[in-house]
Amino acid sequence: MEMIEPFTSDEMMSIAAARQLSNNQVCFIGIGLPSKAANLARRLHAPDLIMIYESGTLGAKPTQLPLSIGDGELAETADTIVSVPEIFNYLLQPGRIDVGFLGAAQIDKFANLNSTVIGDYYKPSVRLPGAGGAPEIASSSKRVVVMLRQSAKSFVDKLPFITSVGFGAGPGDREKLGLRGAGPVMVITDLGIFEPDPASKELVLTHIHPNIAVENVIESTGWNIKIANQLMVTDPPTEKELEAIRSLVSARK
Amino acid sequence: MEMIEPFTSDEMMSIAAARQLSNNQVCFIGIGLPSKAANLARRLHAPDLIMIYESGTLGAKPTQLPLSIGDGELAETADTIVSVPEIFNYLLQPGRIDVGFLGAAQIDKFANLNSTVIGDYYKPSVRLPGAGGAPEIASSSKRVVVMLRQSAKSFVDKLPFITSVGFGAGPGDREKLGLRGAGPVMVITDLGIFEPDPASKELVLTHIHPNIAVENVIESTGWNIKIANQLMVTDPPTEKELEAIRSLVSARK
Amino acid sequence: MAEIVSLQEAIASLLRNGDTVALEGFTHLIPMSAGHEIIRQKFKELTVVRLTPDLISDQLIGAGCVSKLVFSWGGNPGVGSLHRFRDAIEHGWPGPLEIDEHSHAGLTNRYVAGASGLPFAVMRGYRGTGLDEVSSTVAPIICPFTGEELRAVAAINPDLTVIHAQRADHKGNVQLWGITGVQKEAVLAGRKSLVTVEEIVEKLDPRPGDVILPSWLVSAVALSPGGSRPSYAAGYYQRDNDFYIAWDEISRDRDTFLSWMKDNVL
Amino acid sequence: MAEIVSLQEAIASLLRNGDTVALEGFTHLIPMSAGHEIIRQKFKELTVVRLTPDLISDQLIGAGCVSKLVFSWGGNPGVGSLHRFRDAIEHGWPGPLEIDEHSHAGLTNRYVAGASGLPFAVMRGYRGTGLDEVSSTVAPIICPFTGEELRAVAAINPDLTVIHAQRADHKGNVQLWGITGVQKEAVLAGRKSLVTVEEIVEKLDPRPGDVILPSWLVSAVALSPGGSRPSYAAGYYQRDNDFYIAWDEISRDRDTFLSWMKDNVL
């Protein structure tokens with residue numbers, strides 16, 4: 001039996017997400033977890049991944065993990081820099097982005113996302129940063145991959161606010177709303193991987209990460225989560241993957 | 001009495017037009033007569049005239065008279081070059097241009113311009129080049145100056161086609177059509193200078209060029225042209241003006 | 001990612017009879033050699049889109065490749081008429097030419113809408129002009145906030161957009177500079193795109209005022225040195241103003257035109 | 001033509017209590033020193049417009065200058081919450097804060113419409129989201145050609161737009177490069193505009209990727225070296241990521257914040 005090096009659930013999440021990206025894909029990247037996973041993919045199997053940040057940097061190749069979507073190194077290593085109107089109107093809106101890679105504070109069973117408020121919009125208990133580029137990344141990318149840490153507080157039955165639309169209230173809603181991308185094809189958490197059921201569009205647990213119990217996922221989901229008939233276990237991180245993620249240096253002085 | 005050097009009516013036209021431009025004005029320039037007059041003004045009293053061509057060259061300072069609106073020298077001497085969408089959407093449309101400087105094939109008494117067809121639109125006897133930038137230069141510049149050679153064929157009672165709106169069918173029409181600039185404040189020909197009557201918006205002959213008879217203007221106008229009570233004679237070209245216009249070299253190899 | 005192919009292959013594989021093809025380049029960087037290749041491959045029934053149909057459009061029209069022209073200014077810049085264009089409209093030679101005519105601002109915004117994945121763009125313009133009546137791709141639109149009436153222009157998404165640029169690298173990234181006109185928008189509006197270039201280089205070192213079209217936004221790149229003559233390519237060669245003047249004579253007469261085409265293009 | 005004045009004079013002469021003021025700079029070239037001058041001059045009841053309200057907006061809000069915020073992402077990039085922004089919205093300290101909230105694409109298009117002299121812009125977006133319901137500056141619009149439903153966003157034309165740039169010349173022509181974000185559109189949308197610069201130079205030699213704002217498009221230029229810190233100015237200094245992290249502690253508590261402001265800004 002092969003020895004598996006110990007790894008954290010956050011490392012498993014980033015590595016599982018990085019595996020979803022391949023060379024020459026055009027990937028629109030949110031800051032935080034998605035940026036870490038994309039930069040990891042670039043160091044592993046996808047050196048020619050085309051990373052787009054909403055600051056207008058196209059094809060950035062940072063050596064350090066950027067702290068913001070507009071770090072100097074993103075600009076210095078980009079193939080070109082375009083204005084913010086161009087990034088949204090000319091590149092994202094027409095559906096030229098292969099993978100939109102998003103984080104969020106909360107998600108519901110139809111993969112709608114909230115990053116706006118906890119509680120009432122006009123009297124929030126927690127005011128979150130808000131939409132940024134997310135709503136249009138979610139509506140216009142060819143495919144969307146979502147990453148967030150899973151808990152009963154983040155996987156909720158009803159979102160207080162829909163910042164970005166996944167599948168709305170279910171099948172046919174994206175089409176009715178005129179959203180042209182395929183929507184969220186995968187949600188990756190620190191516990192497992194979820195994919196929408198092709199018919200109902202409801203998220204289904206399709207992969208569980210190594211060392212995670214199904215009960216753990218059930219407890220960490222605010223609705224009655226569906227589990228795939230053939231639930232797979234995510235391949236554990238390889239030595240190379242762990243080495244790569246641990247050598248990612250953050251751009252902090 | 002001062003000696004006046006002989007000059008052509010075309011020279012008088014260009015010189016009279018050049019005199020309308022002043023330093024630091026932002027001037028959107030059509031090719032041909034307007035371009036010649038603007039470049040003349042730059043060599044005389046308005047060295048800091050800001051010339052804008054629809055190719056996107058801002059602040060061009062050509063040493064030769066360009067043949068096209070996109071000659072290499074316009075690009076090389078410009079303060080900056082912007083895209084064609086920017087020129088029209090960001091600079092012209094919002095009313096940032098002080099003087100729109102236009103030519104045309106035909107004009108009517110309300111200073112509407114035709115550069116599209118002679119005859120029926122669908123069966124034209126002469127197909128002209130068409131609109132180019134003119135309609136929006138005419139509608140959005142703060143003020144418009146028009147230059148054309150005058151004859152009964154160019155100064156017509158009814159245009160076969162309105163390419164660019166002057167005062168439409170008369171007072172109030174620009175406002176009704178939502179055109180925000182003041183419209184044509186002056187029409188300069190090889191015979192004289194016309195200005196719109198403040199009340200009726202109909203063109204009135206306010207200046208006649210030296211050596212031109214009023215009858216000549218009347219015969220060369222396809223409608224019953226109004227003549228100002230105090231008709232002035234245009235100041236003849238100065239020696240300096242003539243020298244400048246004759247030293248303008250065209251950009252032909 | 002853009003494939004690097006020969007001009008002949010590019011035109012043969014990317015274009016079909018009956019297609020809408022945009023050829024852009026605003027005085028500078030006009031894709032002349034690509035137009036000549038279209039003529040040599042005898043394409044028919046094309047809808048040609050071009051803000052400033054000049055010599056290349058005159059040649060495509062006179063050669064019988066074009067059944068419809070979408071344009072905003074059809075002349076020989078600084079010289080005068082475009083005779084083949086006039087002959088087609090005035091006398092239907094060599095065949096009838098349908099037109100959809102705009103202002104520069106209007107056609108530019110049709111490309112902007114096409115590049116933006118929108119069905120239309122909004123602008124001030126057309127109101128009170130004859131163009132407002134003759135084009136079916138212009139319509140009134142009311143601002144939902146102020147009630148003001150403006151004009152909508154329909155998006156244009158050519159089957160193929162062709163432009164000429166100074167350089168590309170071996171990955172198919174494209175670089176152009178100088179007067180770059182509406183080329184970025186035309187390429188992005190195109191369902192497919194072809195860029196002919198003066199040079200293919202190892203590395204695109206940055207230039208002031210350059211526009212970079214990353215390889216993933218372009219279908220094909222073809223090497224075509226001098227591909228813009230008698231137009232110009234800043235940094236490579238100048239505009240041949242004398243040829244523009246000479247074209248007036250060459251194009252005025254049908255037979256002179258045909259014989260020039262035979263000797264110089266076919 | 002832009003006047004070259006001191007930052008103090010510029011803010012005093014261009015801004016009024018109750019004005020709408022846009023402060024733009026997308027991570028890079030944030031006009032921090034201009035924001036501090038606004039705080040020092042104790043402006044009140046401002047509507048602040050900014051895609052990414054971060055530290056400067058947090059300071060303006062905490063200092064009591066702002067009654068309304070128009071924005072699309074209010075956080076400390078890569079760090080977390082913006083505590084003064086949260087305190088104002090969650091607890092009304094130091095006063096109530098009205099908000100008009102958009103996506104980046106939506107607020108960007110509001111600037112584009114403003115820069116274009118149009119009352120609105122068209123986009124895909126908002127449909128199905130909560131933002132569609134809470135903002136009065138978003139409305140449905142129907143394509144007159146296809147019948148498709150899209151969204152219109154209302155133009156924004158700030159009374160004053162403030163940006164920071166690398167350089168200007170003595171005539172007031174402005175040059176910026178690197179990530180230039182939505183600054184051109186924000187300046188053009190503004191009824192007046194102020195550009196703070198690192199340097200005033202004899203001649204703006206061209207730079208790859210630069211944006212030039214000719215003097216006639218700018219109201220005033222003020223020299224303010226380091227005016228973007230702790231943000232950065234490409235070619236001059238780097239982003240002080242550690243300060244962004246430190247701000248989390250400084251801003252979390254009202255008293256700590258006030259004392260920091262007293263020591264460092266007032």
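Since the structure is predicted, the reported quantities are computational estimates derived from the model, not experimental observations. Lettering of chains follows the sequences in order, A, B, ..., and the numbering in each one begins at 1.
- The pair A:Arg127-D:Glu101 counts as a salt bridge, with a side-chain nitrogen and a carboxylate oxygen less than 4.0 angstrom apart.
- Annotation: the span from D:Asp132 atom CG to A:Ile162 atom CD1 amounts to 11.0 Å, rounded to 0.5 Å.
- Side-chain atoms of D:Arg124 never come within 3.5 Å of backbone atoms of A:Asn89 as a donor-acceptor pair (strictly under, hydrogens ignored).
- In this structure, the separation between NE2 on D:His28 and CD1 on A:Ile81 is 8.5 Å, given to the nearest 0.5 Å.
- With a 4.5 angstrom heavy-atom cutoff, D:His91 does not touch chain A via any of its atoms.
- Chosen from A:Gly168, A:Ala78, A:Pro124, the residue pairing most often with chain D at heavy-atom distances under 4.5 Å is A:Pro124.
- Using a 4.5 Å cut-off on side-chain heavy atoms (C-beta onward), A:Tyr121 and D:Ile99 make contact.
- For the residue pair A:Ser55 and D:Ile179, the shortest heavy atom distance occurs at O-CG2, 3.4 Å.
- Contact between A:Gly178 and D:Arg127 at its shortest, heavy atoms only, is N-NH1, 4.0 Å.
- Using a 4.5 Å heavy-atom threshold, the side chains of A:Val84 and D:Tyr111 count as separate.
- For A:Val126, the parts sitting under 4.5 Å from any heavy atom of chain D are the backbone and the side chain alike.
- Contacts of D:Leu107 with chain A are absent, with no heavy-atom separation under 4.5 Å from either backbone or side chain.
- Within a 6.0 Å radius of NZ in A:Lys109, other residues, nucleotides and ligands contribute more than 12 heavy atoms.
- Atoms CD1 and CG, from D:Ile245 and A:Leu67 in turn, are 5.5 Å apart once rounded to the nearest 0.5 Å.
- Between chain A and the residues D:Thr180, D:Thr27, D:Asn109, the largest count of heavy-atom pairs under 4.5 Å involves D:Thr27.
- Put simply, the side chain of A:Phe161 reaches to within 4.5 Å of the side chain of D:Leu131, judged on heavy atoms.
- Heavy-atom pairs under 4.5 Å with chain A were tallied for D:Gly181, D:Gly125, D:Pro77; the largest tally goes to D:Gly181.
- One distance of note links OG1 of A:Thr116 with CH2 of D:Trp73; it measures 12.5 Å at 0.5 Å rounding.
- If you measure heavy-atom distances from A:Asp173 to chain D, you find no contacts under 4.5 Å at all.
- For the set A:Pro85, A:Gly72, A:Gly56, A:Gly133, the entry with the most heavy-atom pairs within less than 4.5 Å of chain D is A:Pro85.
- For a residue to count as touching a neighbouring chain, one of its non-hydrogen atoms must lie under 4.5 Å from one of that chain's; by this rule D:Val182 touches chain A with backbone and side chain alike.
- Of the two parts of A:Leu128, only the backbone, made up of N, CA, C and O, holds a non-hydrogen atom closer than 4.5 Å to a non-hydrogen atom of chain D.
- Within the 4.5 angstrom heavy-atom criterion, only backbone atoms of A:Ser125 (N, CA, C, O) approach chain D.
- The contact between A:Arg180 and chain D is made entirely by side chain atoms (from C-beta outward), counting heavy-atom distances below 4.5 Å.
- Both the backbone and the side chain of A:Glu54 come within less than 4.5 Å of a heavy atom of chain D.
- Residues of residues 134-154 of chain A placed with any heavy atom under 4.5 Å of a heavy atom in chain D are listed by number as A:Pro135, A:Glu136.
- Residues D:Asn241 and A:Asp71 have side chains in contact (heavy-atom distance under 4.5 Å, counting atoms from C-beta outward).
- Ranked by heavy-atom pairs under 4.5 Å with chain A, the list D:Gly75, D:Ser72, D:Ala105 is led by D:Ala105.
- In this structure, the side chains of D:Lys184 and A:Ser83 stay at 4.5 Å or more apart for every pair of heavy atoms.
- Only the side chain of D:Thr108 comes within less than 4.5 Å of a heavy atom of chain A; its backbone N, CA, C and O stay farther away.
- With a 4.5 angstrom heavy-atom cutoff, A:Leu177 touches chain D via backbone and side-chain atoms both.
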